[in-house]
Amino acid sequence: MAISIKISKTPQSRIHLCDFENIEFGKIFSDHMFRVDYTDGKWQNPEILPYGPISIAPSLSAIHYGQAIFEGMKAFKNEMGEALLFRPIDNAKRLNISAKRMGMPEIPEELYLEGLSQLIQLDKDWIPTKEGSALYVRPFMFATDDFVGVRPSMNYSFIIFCCPVNSYYPKPIKVKIEETYVRASSGMAGFAKAAGNYGISMLPSFEAKKEGYDQLIWTDGQNHEYVEESGTTNLFFVVDNNLVLTPKLDGNILNGITRDTCITLLKEKGYIVEERKIKVSEIIEWCKAGRLSDCFGTGTAAIIAKIAAIGYQGTDYELPDAAQREVSNYLYKTIYAIQCGKIKENHNWSVLV
Ligand code: COI
C-alpha cells in the first residue's frame with residue numbers, strides 16, 4: 001500500500017546560512033525533517049515539516065528511563081547531481097534491532113525508507129559535494145509517554161533530520177586503551193545504537209581527552225583483556241601489512257555497516273580478514289615489534305579514522321605514517337568513491353534516491 005506523507009515546506013530556506021566550504025560536523029541542519037508517531041499500537045500521521053524544536057513534556061519517559069535509539073547514514077551526489085544513500089536498508093534493519101533490544105516498537109522498513117527518500121529529495125540541495133563531505137542523516141526514535149514509572153512507553157516518535165558534514169576526524173587520532181570503565185558486557189545492549197551507550201562514555205572519554213587522547217578503545221568488562229570498539233567506531237588492526245583483524249560481533253559491539261563494508265572490500269581484494277577476539281597484549285606485542293602496519297576505526301561519521309598512536313598503561317605506541325598506509329588509504333578512497341557513485345559495485349550499497 002502506498003504510504004502517504006503530509007508535506008509542509010519551510011516558507012524560507014536557510015541554505016544561504018550554510019558555508020559549504022567550512023562545514024563543522026553536526027552544527028547546521030537542513031530545512032526539513034520527517035516525523036511519524038507511534039500511538040494506539042501503530043505508526044500514524046507521517047509528515048515532513050520544517051526542521052525545528054519539538055515540544056516535549058518534562059515527564060517524557062525517554063529522558064528519564066532511556067528508551068532512545070538512533071542511526072547514522074550519509075547521502076552523497078553523483079556526477080549527474082543525483083542523490084545517493086549508502087546502505088539505507090541496512091540502517092533500517094539495524095534501527096529495528098536496537099528497537100527490539102530496548103523494548104521499543106519496530107518501524108516498518110517501507111515507512112522508514114519512504115520518509116527518508118522523500119526527505120532527501122526535498123533537501124537534496126543540502127548535499128555538499130566538496131571532497132570528503134556528505135549529508136549526514138540522523139534517524140532516531142524515543143519514548144514519549146508523559147508518565148513517571150519504569151515500564152516500556154506506549155507512545156514513541158521517530159524523526160529523521162539531516163546535516164551537511166565534513167570529516168568527523170580531520171586528522172589521525174590518538175586513542176587510549178581503557179581499563180577502568182566499561183562500555184558493555186555480556187547480556188547488556190552493546191550491539192544496540194542506544195543513546196545510553198553513548199551517555200556512559202562521556203565521562204571516560206572526557207578524562208582521556210584531559211590526558212591528550214582523542215578517543216578510547218573499550219575493553220571487555222571481565223578483565224579488560226580484549227579490545228571491543230572505540231567510542232565512535234569499530235576497530236581494525238593490520239599486522240605485517242596483510243593480516244587484517246577486527247573484533248568479532250559478540251553482542252558487546254555495534255554491528256557497523258562501514259565495518260561490514262570494509263571486511264567485504266578487503267576480502268575481495270585478497271586480504272586475509274579475521275573476525276575474532278583480540279587481546280590487548282597481542283596489540284602491544286605487535287606495536288613493540290613494529291608489526292602493526294595499520295590501525296583504524298570505521299563508522300558512518302568517520303568512514304575511516306586512522307589511528308596515529310595507542311596509549312596503554314602510560315606508554316604511547318606510535319604507529320606508521322598515516323599517509324603511507326596501504327589498507328586504510330585503499331578503504332577510504334574506495335568507500336568514498338562508491339558512496340559518490342564513482343565506482344560501480346555489485347552489492348547495491350549505493351542507492352539512488
Ligand atoms: C556514526 O558514525 O554515525 C555515529 O553514530 C557516531 C557518532 C559519533 C556521530
Side-chain angles (χ1 to χ4, degrees), residues 23-30 66 68-76 85-99 101-102 112 116 120 127-128 132-142 158-173 175 178 183-184 189-206 208-209 213-218 228-236 246-247 249 252-263 296-307 328 331-332 335-336 339 349:
I23 308 168
E24 275 187 79
F25 201 105
K27 291 207 173 160
I28 178 147
F29 305 98
S30 73
I69 56 173
F70 70 98
E71 265 305 323
M73 166 182 20
K74 278 179 175 168
F76 302 83
L85 276 164
F86 190 65
R87 305 189 66 170
I89 299 168
D90 298 299
N91 273 99
K93 290 191 189 309
R94 193 172 62 183
L95 182 98
N96 281 333
I97 290 172
S98 300
R101 173 62 183 85
M102 300 302 287
Y112 181 108
L116 172 66
I120 300 299
I127 302 176
S133 61
L135 186 68
Y136 185 81
V137 182
R138 171 51 59 87
F140 67 109
M141 189 197 293
F142 58 102
F158 172 76
I159 296 179
I160 307 177
F161 66 80
C162 306
C163 40
V165 295
N166 263 324
S167 328
Y168 192 73
Y169 294 113
K171 58 181 180 54
I173 56 174
V175 295
E178 176 61 49
R183 176 184 172 277
F191 63 89
K193 226 164 157 51
N197 284 339
Y198 294 80
I200 59 168
S201 75
M202 300 294 173
L203 175 70
S205 44
F206 178 67
K209 273 205 173 84
Y213 297 99
D214 302 293
Q215 258 310 336
L216 297 173
I217 288 186
W218 293 106
E228 296 201 324
E229 64 168 66
S230 186
T232 49
T233 61
N234 292 111
L235 289 166
F236 283 75
T246 188
L249 302 176
N252 291 346
I253 67 170
L254 189 77
N255 185 356
I257 292 167
T258 314
R259 172 188 182 277
D260 178 72
T261 304
C262 291
I263 293 172
F296 51 93
T298 63
T300 297
I303 306 186
I304 301 292
K306 291 180 193 170
I307 294 178
S328 48
L331 286 172
Y332 177 77
I335 294 174
Y336 187 65
Q339 290 175 324
W349 285 336

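One-based numbering, in listed order, for ligands and for the atoms of each.
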Nearest heavy-atom contact between Phe25 and Ala301 is CZ-CB, 3.6 Å

Electrostatic pair Glu229:Arg183 at N-O distance under 4.0 angstrom: yes

For Ser30, side-chain hydrogen bond (donor to acceptor under 3.5 Å, both in side chains) partners two or more places apart: Asp123

Glu178 meets the salt bridge (charged side-chain N to carboxylate O under 4.0 Å, His left out) criterion, sequence neighbours left out, with none

Between Tyr332 and Phe296, is the ring centre distance below 6.0 Å? no

Please list, one pair per line, the donor and acceptor atoms closer than 3.5 Å that link side chains of residues 159-173 to other protein atoms, with sequence neighbours excluded.
residue: Asn166; atom: ND2; partner: Ile23; partner atom: O; Å: 3.3
residue: Tyr169; atom: OH; partner: Gln215; partner atom: NE2; Å: 3.4
residue: Tyr169; atom: OH; partner: Thr232; partner atom: OG1; Å: 2.5

List below, pair by pair, the N or O atoms of ligand 1 and of the protein that are less than 3.5 Å apart, including the distance to 0.1 Å; reply 'none' if no pair qualifies.
residue: ligand 1; atom: 2 (O); partner: Thr300; partner atom: N; Å: 3.3
residue: ligand 1; atom: 2 (O); partner: Ala301; partner atom: N; Å: 2.8
residue: ligand 1; atom: 3 (O); partner: Tyr136; partner atom: OH; Å: 2.5
residue: ligand 1; atom: 5 (O); partner: Tyr136; partner atom: OH; Å: 3.4
residue: ligand 1; atom: 5 (O); partner: Lys193; partner atom: NZ; Å: 2.8

